[in-house]
**Student:** 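One structure is given below, represented as structure tokens, and several questions about it will come after.
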Amino acid sequence: MEKQHTAGGFLQPGEGTTALTIVIVNWNAGEKLLRCLHSVRASRTSFPVKVIVVDNDSVDGSRERATAEFPEFHVVNTGANLGFGRGNNHARPWVDTPLVLFLNPDTELFPDTLEKAVRSLLARPRVGMLGCQMRYPDGTVQQLGLQWFPTPGRAFWELLVPGVLRRWFSPWLCHDPCKSGPVRKLYGGFLLARRDVLDAVGWFDERYFMYAEDVDLSESVRRAGWELYYDAGCAIVHACGGASQRAPSGFSVLMKQRSVEQLIEKHQGRSAARRYRLLVGTAAGLRWLGLTLAAILPSPGLRARLQHARARTRLLWDWAWHGREAAVPARPTPPPREAVPPNGANLLSATP
């Protein structure tokens, strides 16, 4: 019978064969971080697990509580808000295991998540990085993003008609989140990787503060000759937006545009990045026209959705034509109260 391990701190001699290090970057995640750590502690695995919490100088007491309530975990304060990719890279000197899991603080594991994910990765020697199924707190399975690499033209159509792309072209552009298989992109809520693969590609590119670093890492892993795999047989609960909800108003929309622009510039050149900004501005103008026409319709509850969509469209317009950029938050800001229905996001996709 295999020895059962619980997640903890540093490994004992001889325990590193299939050992795992979990890296969690925290910025004022509060109770979400603590629930995440409780779920990690409750995990049962046949291999040892080390946990590193990289705290981006939180002021909500989450770092202190994590240190006090989880003494078996290693909690380190960076002293500043480094963002997602750079924060994960900060843990690199302490990672001495062959497997690394980058885990969001707004997630919760099931007791068998780690065991299933690691076994799945080890059973596929050509897979360099693996993702799992993510579920909302109510149990609804989260959809995967469009399985294409961003280009200026693709970003334009995704901003202009996101619902059409998913509804009409889903079999070609999307991966069914209830089916396991190879994918072109994985997303940063749960990324299980081989450390030698990470070392070969240089871990996360630190030019991105957040939002595009997972897509960039996916592309780097694929270009290095490794496969990406999505396993629907293992799952986590993902609340979404744990850090961005505490950022200033408009931060998420503006930072996503900047990060995707950097991604396109890195892989396709400066001229492609300029085309991207031009097409984002064009799409914003066309969407503003569409929202203005939609306001004529006497639909109950439409006003709040349109107001929300207009605000986000204006941010896209200002970013593209007036150079408005997201300010990196040093301190959390309470999010504004917005009366937006759950499906209101269909009116405006903020991510290309």
Side-chain angles (χ1 to χ4, degrees), residues 23-30 32-33 36 52-64 66 75-92 102-107 150 155 187-189 191 202-217 239-267 270 273-274 276-277 280-281 284 311-336 338 348-352:
V23 180
I24 302 170
V25 175
N26 174 59
W27 185 72
N28 298 295
K32 290 180 180 178
L33 172 66
C36 175
I52 302 173
V53 178
V54 179
D55 187 84
N56 276 341
D57 205 25
S58 298
V59 295
D60 65 344
S62 56
R63 177 179 68 254
E64 292 80 3
V75 181
V76 56
N77 182 19
T78 64
N81 188 1
L82 304 183
F84 181 79
R86 190 178 171 196
N88 278 305
N89 287 354
H90 192 82
R92 189 173 180 178
F102 301 109
L103 185 68
N104 270 18
D106 58 354
T107 63
Y187 296 91
L191 291 173
W203 287 56
F204 287 100
D205 189 326
E206 296 185 3
R207 78 184 67 195
Y208 313 106
F209 182 79
M210 62 188 301
Y211 294 125
E213 65 288 311
D214 47 2
V215 177
D216 180 75
L217 182 61
C240 297
S244 58
Q245 288 177 356
R246 304 302 309 278
S249 176
F251 170 83
S252 178
V253 175
L254 295 171
M255 183 58 72
K256 285 176 182 177
Q257 305 317 308
R258 175 59 179 153
S259 295
V260 174
E261 181 184 48
Q262 292 174 314
L263 182 71
I264 289 175
E265 180 175 2
K266 174 182 177 179
H267 293 278
R270 182 56 193 159
R274 286 195 292 266
Y276 170 73
R277 188 175 283 256
V280 168
R312 302 185 76 173
T313 301
R314 182 55 188 262
L315 288 169
L316 292 172
W317 178 272
D318 287 347
W319 178 83
W321 299 119
H322 302 297
R324 181 177 177 182
E325 299 288 348
V328 175
R331 293 291 182 266
T333 301
E338 295 177 322
L348 177 65
S349 172
T351 54

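Since this is a predicted model, take the numbers as computed values, not measurements.
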**Student:** What are the two closest non-hydrogen atoms of N56 and G83, and how far apart are they?
**Tutor:**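 Heavy-atom minimum between the residues: ND2-O, 3.2 Å.
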**Student:** Return the set of residues passing side chain to side chain donor-acceptor pair (under 3.5 Å) with R274 (not counting sequence neighbours), or none when no residue passes.
**Tutor:**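 Testing R274 for side chain to side chain donor-acceptor pair (under 3.5 Å), a comparison that skips the adjacent residues, returns none.
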**Student:** Measuring from atom CD of Q262 to atom CD of E265, what distance do you get when rounded to the nearest 0.5 angstrom?
**Tutor:**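 Rounded to the nearest 0.5 Å, the CD-CD separation comes to 8.0 Å.
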**Student:** Side chain of N28, backbone of D60: donor and acceptor closer than 3.5 Å?
**Tutor:**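 Pair found, side chain donor or acceptor close to backbone of D60.
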**Student:** Identify the two heavy atoms, one from R270 and one from E261, that lie closest to each other, and give their separation to 0.1 Å.
**Tutor:**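 Residues R270 and E261, closest heavy atoms: NH1-OE2, 4.1 Å.
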**Student:** Go through the structure and list residues passing ring-ring contact (aromatic ring centres under 6.0 Å, His included) with F204, not counting sequence neighbours.
**Tutor:**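 Counting only residues at least two positions away or on another chain, F204 forms a ring-ring contact (aromatic ring centres under 6.0 Å, His included) with F84, F102.
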**Student:** For the residue pair N81 / D57, report whether a side-chain donor-acceptor contact shorter than 3.5 Å exists.
**Tutor:**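 No.
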**Student:** How about R312 and L316: do any of their side-chain heavy atoms sit closer than 4.5 Å?
**Tutor:**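 They are not in side-chain contact.
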**Student:** Using side chain to side chain donor-acceptor pair (under 3.5 Å) as the criterion, list what pairs up with H90, not counting sequence neighbours.
**Tutor:**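 Applying side chain to side chain donor-acceptor pair (under 3.5 Å) to H90 gives none.
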**Student:** Any idea which heavy atoms bring G87 and L82 closest together, and the distance?
**Tutor:**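 So the minimum-distance heavy-atom pair works out to N-CB, 4.1 Å.
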**Student:** Return the set of residues passing side chain to side chain donor-acceptor pair (under 3.5 Å) with S259 (not counting sequence neighbours), or none when no residue passes.
**Tutor:**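 Result, side chain to side chain donor-acceptor pair (under 3.5 Å) vs S259: none returned.
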**Student:** By side chain to side chain contact (heavy atoms under 4.5 Å, CB included), which residues pair with D205, not counting sequence neighbours?
**Tutor:**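 Listed in chain order: R207, Y208, D216, K266.
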**Student:** Can you give me the closest heavy-atom contact between A91 and V23, atom names plus distance?
**Tutor:**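 Residues A91 and V23, closest heavy atoms: CB-CG1, 3.7 Å.
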**Student:** Side-chain contact test, heavy atoms from C-beta onward, threshold under 4.5 Å: evaluate it for W317 versus R324 and give yes or no.
**Tutor:**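 The answer is no; the side chains never approach within 4.5 Å.
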**Student:** Calculate, to the nearest 0.5 Å, the distance between atoms CD1 and CG belonging to I52 and L103 respectively.
**Tutor:**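 Result: 13.0 Å between the selected atoms.
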**Student:** Count the heavy atoms of every other residue, nucleotide or ligand shown that sit under 6.0 Å from CZ of R86, and state whether that count exceeds 12.
**Tutor:**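 Count not over threshold, so no.
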**Student:** Supply the atom-to-atom distance K256 NZ to L263 CG, rounded to the nearest 0.5 angstrom.
**Tutor:**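 One gets 14.5 Å once the value is rounded to the nearest 0.5 Å.
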**Student:** Fit a plane to each ring of Y211 and F251, take the angle between them on a 0 to 90° scale, and name the class: parallel (under 30°), tilted (30 to 60°) or perpendicular (over 60°).
**Tutor:**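 Answer is tilted, since the angle falls between 30° and 60°.
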**Student:** I'd like to check the side chain to side chain donor-acceptor pair (under 3.5 Å) partners of E206; sequence neighbours left out, ordered by chain and number.
**Tutor:**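 For E206, the residues satisfying side chain to side chain donor-acceptor pair (under 3.5 Å) (neighbours in sequence not counted) are N89.
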**Student:** Which pair of non-hydrogen atoms, one from R277 and one from G323, has the smallest distance, and what is that distance?
**Tutor:**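 It is NH1-CA, 4.0 Å.
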**Student:** Give me the atom names and distance for the closest heavy-atom approach of V260 to P150.
**Tutor:**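 In terms of heavy atoms, the two residues are closest at CG1-CB, 4.2 Å.
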**Student:** Among N26, V75, N88, T78, find the residue that satisfies the side chain to side chain contact (heavy atoms under 4.5 Å, CB included) test when tested with V54.
**Tutor:**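 With V54 as partner, N26, V75, N88, T78 yield a single side chain to side chain contact (heavy atoms under 4.5 Å, CB included), made by T78.
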